[in-house]
Number of protein chains: 2
Amino acid sequence: MQERTVRFGPLSGYVGYALRRAQLWSVAAYLSAMKEVDLRPTQFSVLILINENPGIRPTEICAALGLQKANFVPLLNELERRALVVRHAGVPDRRSSALHLTPEGKALHERALQLHENWENLVVERLGADGREQLLALLQKLT
Amino acid sequence: MQERTVRFGPLSGYVGYALRRAQLWSVAAYLSAMKEVDLRPTQFSVLILINENPGIRPTEICAALGLQKANFVPLLNELERRALVVRHAGVPDRRSSALHLTPEGKALHERALQLHENWENLVVERLGADGREQLLALLQKLT
DNA sequence: TATTGTTATACTCTATAACTATA
DNA sequence: TATAGTTATAGAGTATAACAATA
């Protein structure tokens, strides 16, 4: 291959481009750190929400996480197939179901929290604790 | 719907989650701002790289942007179909092609740069010029 | 042999419309 | 009539394997 130093031009200074590259790195590092529990980012988020809000209903989770309800169905089916989550009959509204973690789900959730700390530590290694807090504050301010 | 304040628990403090939400907002705002030129983020990046590096070859673009060469083919086909980019015969290596912007491509590239400034201004509105620089530096340090 | 561009393919994520059963 | 969950489907984005032409 002919040697050439590719010029990025204005791309280097774009927040959108930097966000995209950071997000790609983030997901790759997350998947590596969470391999043991085999939870995709959205699955992990859902377990956290059910743990924090026992009996929460699918619509509430979708609204909180910005998911389409249609896409939530197979995700929840998979968590139920793995016996991490149960759908209890909705009372009094029988259209909706109340979601709870099973004992296995609670255990995996706890382990996932531990593993996720390793991921956050990667960020601290690169940015320092202060840099991590700054980044978090800026990202939250953005959205 | 039953009223309930969903508790996010530790999710609120995760850099990975904040990055994901920021990226979703970023892409939505980008698409809105760039509607006139109808360029996806990757297409825009490719136009910038060709403009900055006339005669650049597909493999170099893929390496610079982290794209799979197989996925670059249809992307480039579309840019050529829109008469924004031309593939010139590779010299001396006839396996590869030298990419250049057409006059139409240069014009659209210029317009896209202008529109993209509106996007960056959104970030400045939310974070201030200093905040934007801080965010950019932190994201680049992360990757 | 190795590399460039290409084709084919598959998997994930996301988005929309329409259906059912309940309210 | 409106809503919760579901089904089906389609579009992006991303990944790997294999091939032809060329080095």
Side-chain angles (χ1 to χ4, degrees), chain A residues 1-4 16-17 19-21 23-28 30-32 34 38-46 55-81 85-99, chain B residues 1-4 16-17 19-21 23-28 30-32 34 38-46 55-81 85-99:
Chain A
M1 177 148 87
Q2 172 189 343
E3 289 302 324
R4 176 207 288 268
Y17 182 70
L19 266 175
R20 176 187 140 92
R21 299 305 292 244
Q23 163 78 353
L24 288 176
W25 171 81
S26 166
V27 172
Y30 168 92
L31 290 177
S32 172
M34 305 289 278
D38 188 26
L39 289 174
R40 307 285 307 175
T42 307
Q43 294 175 318
F44 183 35
S45 305
V46 169
I56 192 173
R57 292 176 290 113
T59 299
E60 296 172 301
I61 293 181
C62 289
L65 296 179
L67 309 175
Q68 304 292 326
K69 58 183 181 174
N71 299 329
F72 186 68
V73 176
L75 187 151
L76 192 56
N77 286 344
E78 172 65 10
L79 293 179
E80 207 168 27
R81 190 195 64 76
V85 172
V86 284
R87 292 182 237 226
H88 286 160
V91 177
D93 189 336
R94 296 211 305 280
R95 290 174 303 182
S96 64
S97 47
L99 305 181
Chain B
M1 177 149 88
Q2 170 190 346
E3 290 302 324
R4 178 208 288 267
Y17 181 71
L19 267 175
R20 176 187 141 90
R21 299 304 292 245
Q23 163 77 352
L24 288 176
W25 171 83
S26 167
V27 171
Y30 168 94
L31 290 176
S32 172
M34 305 291 278
D38 189 25
L39 291 173
R40 308 285 305 175
T42 306
Q43 293 175 319
F44 183 36
S45 304
V46 168
I56 192 173
R57 293 176 291 111
T59 299
E60 296 173 301
I61 293 181
C62 289
L65 296 180
L67 308 176
Q68 303 292 326
K69 58 183 180 175
N71 299 328
F72 186 68
V73 176
L75 188 151
L76 191 56
N77 286 344
E78 171 66 10
L79 293 179
E80 208 168 26
R81 189 194 65 75
V85 172
V86 284
R87 291 183 240 226
H88 286 158
V91 177
D93 189 337
R94 296 210 305 281
R95 288 174 304 182
S96 62
S97 47
L99 304 181

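Proteins come first, then strands; the chains are lettered A, B, ... in the order of their sequence lines, and each starts at number 1.
For the pair Glu60(A) CD and dG5(D) P, the interatomic distance rounds to 8 Å; values are reported in whole Å. Distance CZ (Arg40(B)) to C1' (dG13(D)): 9 Å, rounded to an integer number of Å. Taking atom CZ on Phe72(A) and atom P on dG5(D), their separation rounds to 8 Å, with Å as the unit. The interatomic distance linking Phe44(B) (CZ) with dA12(D) (C1') rounds to 20 Å, in whole Å. Between Asn77(B) atom CG and dA12(D) atom C1' there is a gap of 17 Å when expressed in whole angstrom units. Here dG13(D) presents its C1' atom at 14 Å from CG of Leu65(B), a figure rounded to the nearest Å. With rounding to whole Å, Gln23(B) atom CD is found 15 Å from dC13(C) atom P. Leu99(A) has its CG atom 14 Å from the C1' atom of dT6(D), to the nearest Å.
Nucleic acid contact class of Thr42(A) (heavy atoms, under 4.0 Å, all strands): none.
Summarising the geometry of Ile61(A) relative to Phe72(A), their closest heavy-atom pair is CG2-CE1, 3.7 Å, with the distance given to 0.1 Å. Looking at every heavy atom in both residues, Gln43(B) comes nearest to Leu75(B) through CG-CG, 4.2 Å. Across all their heavy atoms, Val73(A) and Arg87(A) have their closest contact at O-NH2, 4.5 Å.
At least one side-chain nitrogen or oxygen of Thr59(A) sits closer than 4.0 Å to the OP1 or OP2 atom of dG5(D). The phosphate of dA4(D) has neither OP1 nor OP2 within less than 4.0 Å of any side-chain N or O from Arg87(A).
The salt bridge (charged side-chain N to carboxylate O under 4.0 Å, His left out) test applied to Arg21(A) returns no partner, not counting sequence neighbours. Residues that satisfy the ring-ring contact (aromatic ring centres under 6.0 Å, His included) test with Phe44(A), not counting sequence neighbours, are His116(A).
Toward the 5′ end of DNA chain C lies the nearest nucleotide of Pro74(B), the other residue of the pair Pro74(B) and Arg20(B) mapping further downstream.
To the nearest 0.5 Å, atoms CZ (Arg95(B)) and CZ (Arg57(B)) are separated by 8.5 Å.
Between the side chain of Ser32(A) and the main chain of Ala28(A), no donor-acceptor pair closer than 3.5 Å is present.
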- Query: When you check every protein heavy atom under 4.0 Å of nucleotides 15-23 of chain D, what one-letter string (B, S, -) results, 5' to 3'?
  - Reply: BBB---BBS
